[in-house]
There are 2 protein chains.
Amino acid sequence: MSATDGDIMDKNESADKRETGTLGKLMVLLDIVTHADSPMRFTDILAVAGQPRGTLHRQLGHLTEEGLLEVLADGRYAPGLRLLDLASRSWARNEFRLIAEPHLNALQQLTGETVHLGVLRGASVIYLDKVEGSQPVRMYSQIGNASPIYCTGVGKAALSALPDERLDAIISSVSFQRFTEHTLTPETLRREISDIRHSGNAFDREEHEVGIRCVAAPVYSEDLSFVGGVSVTGPAYRLTFERLEEWALPVRRAAESIMSGMRIGLGPRR
Amino acid sequence: MSATDGDIMDKNESADKRETGTLGKLMVLLDIVTHADSPMRFTDILAVAGQPRGTLHRQLGHLTEEGLLEVLADGRYAPGLRLLDLASRSWARNEFRLIAEPHLNALQQLTGETVHLGVLRGASVIYLDKVEGSQPVRMYSQIGNASPIYCTGVGKAALSALPDERLDAIISSVSFQRFTEHTLTPETLRREISDIRHSGNAFDREEHEVGIRCVAAPVYSEDLSFVGGVSVTGPAYRLTFERLEEWALPVRRAAESIMSGMRIGLGPRR
DNA sequence: CCCGATAGTTCCATTATTCAGAACTCAATT
DNA sequence: AATTGAGTTCTGAATAATGGAACTATCGGG
């Protein structure tokens, strides 16, 4: 901040500083409000946003006017509905999802269990699709959700596709939370990744939630501009370890089908 | 734009001009890309955005860096995945939806048909929730979608709650597309609205899609800061006109329950 | 009823970002 | 080699964002 330094930091060694000007500041606010677990008052936001009051007031006003935030009757701020509209379009037209869809259905038919499709986004997995058996689905509860990479089948599968440097960068940027007694640590994760690279399958053996297991396989574009995974998930009593092994191959096959679908396209327009 | 006018327009008679500065311009771009039915090249966007190239280039860069847009391998722009994450949080915590949820389930149980919850947003209805029977659900295909007001049960129900001036403003701002032979025109819509106001129920008799009917009832906050509706939808062969009448009351009851739920809260924090 | 406190809004000179146009690079076409 | 089309980078000038302070509204006691 002073005029005398600016020598050590300059090498843009720290590539994590976003350069998105006004938009970036607004997105920080949007994140604050959407990540809160209840609507926030002006003052609550003020406390965490580190902006002067006048500025914050105008920024929130703009976000609200655009429908990205909503002001409740009591003046508190909540995420706005415009986000839903934007997201539903984003989802409906997502190329990867469209290509994967039939393969997910086939995999669901074959296994009878829930099938997931997810992509790596930063240091999380975002679920893009979910095909369940016959129970009514609460879908938004899963799709679009950002979940940890180190304790989901899709997450680990995705990681396994990355070159070591990107892998390391991600692992070191994440704080590992212990969800169950089986949740991995950075070290055990690294070991597992190398297993996955050999076998082609990732497993989640109750690492995120007790009683839930899954088999996954990586899906990635040739240039690794994106990596993700497909998985079959179910209750531990049905997904015995033998079952997991049994479905490892079909899951891999589905992943391969999706990848070959991507190469052919929807691709270079028409 | 010249210095000599700026006299007639000043009375902000035209209140539709947004004042959201930089954000507004960026949201226009985001809308262009999300509304397109395939990814757009730089030049395509340039043609419709009416911005100088340099400017557009930076704006798209910012949107991309924030994950609101995505650049495909071939350089085209598509909606970004960050939208999904934001939307899923917005949905999960939506107060109205949370309050309505149990009533929607009850209504589904009672009727055995698909139940919808939607809110009015500008001149469209956005679906907030959907409870289906036992078929697997493709949920994003509906939730979050902005649909026309004049040919959906929820839309017409919502309209009926509005005072005439707002109703007129909306009706005159919409262009009526004829989806089926039963789709309403502005005039027939007005007549229907007054029926709905008397009976408390809106019907959709194959006005949007042939073979699909629905009964709906309005849900609104006391100050009309938001209006929406609940509906029961199903195939015409099951939803005979008698059935529609039979379910009119339960739907109204559900709407009332939701409204009384809103008055009590989740409301003034805790 | 008044006081003090807390919450939210408005104003405006200063400053930082964005703007617009032109010049430039790169690749594909002829 | 020359031309066109697509995308990127650069610049002073224009515009919008900033932040501090003054202002208003609302609430809870005493």
Side-chain angles (χ1 to χ4, degrees), chain A residues 1-3 6 12 17-30 32-33 36 38-66 68-78 223 225 267-270, chain B residues 1-3 5-6 9-10 12 17-30 32-33 36 38-66 68-78 223 225 265 267-270:
Chain A
M1 208 147 247
S2 80
N12 79 346
K17 198 193 292 174
R18 282 210 186 112
E19 257 329 324
T20 42
T22 304
L23 178 63
K25 295 166 198 162
L26 292 174
M27 291 306 288
V28 169
L29 293 182
L30 196 52
I32 289 174
V33 176
S38 70
M40 298 177 81
R41 292 175 318 162
F42 182 86
T43 320
D44 300 334
I45 304 174
L46 185 63
V48 294
Q51 296 267 27
R53 302 148 75 95
T55 303
L56 182 66
H57 187 258
R58 176 181 39 77
Q59 290 171 328
L60 292 176
H62 284 176
L63 288 168
T64 304
E65 208 164 330
E66 287 294 341
L68 299 175
L69 290 181
E70 216 129 284
V71 185
L72 271 43
D74 60 2
R76 290 179 305 159
Y77 290 87
D223 62 347
S225 66
R269 186 153 222 169
R270 166 196 45 271
Chain B
M1 206 144 249
S2 78
D5 53 30
M9 290 288 293
D10 274 349
N12 78 347
K17 197 192 292 173
R18 282 213 187 110
E19 254 330 324
T20 42
T22 304
L23 178 62
K25 295 166 197 161
L26 292 174
M27 291 305 290
V28 169
L29 293 182
L30 195 52
I32 289 173
V33 177
S38 70
M40 298 177 80
R41 292 177 316 163
F42 183 88
T43 320
D44 300 334
I45 304 174
L46 185 64
V48 293
Q51 296 267 30
R53 303 148 75 100
T55 303
L56 183 66
H57 186 256
R58 176 182 40 78
Q59 291 170 327
L60 292 175
H62 284 176
L63 288 168
T64 304
E65 208 164 330
E66 287 294 340
L68 300 175
L69 290 182
E70 218 130 282
V71 185
L72 271 41
D74 60 1
R76 290 179 305 160
Y77 290 88
D223 63 347
S225 66
R269 187 150 220 170
R270 167 196 44 272

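Hydrogens, waters and symmetry mates play no part in the numbers below; they use all other heavy atoms, side chains included. Reminder, nothing fancy here: chain letters follow the sequence lines and each chain counts from 1.
Remark: P of C/dG8 and CD of A/Gln51 are 17 Å apart, rounded to the nearest angstrom. Spacing between atom CZ of A/Arg41 and atom P of C/dT6 amounts to 12 Å, rounded to whole angstrom units. Per the geometry, OH belonging to A/Tyr77 stands 11 Å off C1' belonging to C/dA7, to the nearest Å. Across the protein-nucleic acid pair, A/Leu56 atom CG and C/dG8 atom C1' stand 11 Å apart, rounded to whole Å. Per the geometry, NE2 belonging to A/His57 stands 11 Å off C1' belonging to C/dA7, to the nearest Å. The separation between B/Arg53 atom CZ and C/dT25 atom P is 15 Å, rounded to whole Å. The distance between atom CZ of B/Arg58 and atom C1' of C/dG21, rounded to the nearest whole Å, is 13 Å. In this structure, B/Leu60 atom CG and C/dT18 atom C1' are separated by 15 Å, rounded to whole Å.
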For nucleotides 14-17 of chain C, which of its nitrogen or oxygen atoms have a protein nitrogen or oxygen under 3.5 Å away, and what is each distance?
from: C/dT17; atom 1: O3'; to: A/Thr22; atom 2: OG1; distance (Å): 3.3

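Chain A approaches DNA chain D over the interval D/dA17 to D/dG20, counting the first and last nucleotide 5' to 3' with an atom under 4.0 Å from its heavy atoms.
When every heavy atom of B/Leu72 is checked against every heavy atom of B/Pro39, the shortest pair comes out as CD2-CG, 3.6 Å.
Positionally, the nearest nucleotide of DNA chain C for A/Thr55 lies more toward the 5' end than for the other of A/Thr55 and A/Leu23.
Rounding to the nearest 0.5 Å places CG of B/Leu68 at 8.5 Å from CG of A/Leu30. For the atom pair A/Met40 CE and A/Ile32 CD1, the distance stands at 6.5 Å (nearest 0.5 Å). With values rounded to the nearest 0.5 angstrom, A/Leu26 atom CG is found 10.5 Å from B/Met27 atom CE.
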Does the side chain to side chain contact (heavy atoms under 4.5 Å, CB included) test come out yes or no for A/Tyr77 and A/Val71, once each step is laid out? CA-CA 5 Å; A/Tyr77 290 87; A/Val71 185; 3.7 Å; yes
Run B/Leu23 and A/Thr22 through side chain to side chain contact (heavy atoms under 4.5 Å, CB included) and show every step you take. CA-CA 8 Å; B/Leu23 178 62; A/Thr22 304; over 6 Å; no
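Counting only N and O atoms by type, the side chains of B/Glu65 and A/Thr20 include no donor and acceptor under 3.5 Å apart.
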Watson-Crick or G-U pairs under 3.5 Å in DNA chain C, rendered as dot-bracket with [ ] for crossing pairs and | for another strand: ||||||||||||||||||||||||||||||
Identify every side-chain donor-acceptor pair in residues 48-64 of chain B under 3.5 Å, counting partners at least two apart or on other chains, and give the distances.
from: B/Gln51; atom 1: NE2; to: B/Gln59; atom 2: OE1; distance (Å): 3.4
from: B/His62; atom 1: NE2; to: A/Glu19; atom 2: O; distance (Å): 3.4
from: B/Thr64; atom 1: OG1; to: B/Leu60; atom 2: O; distance (Å): 2.7

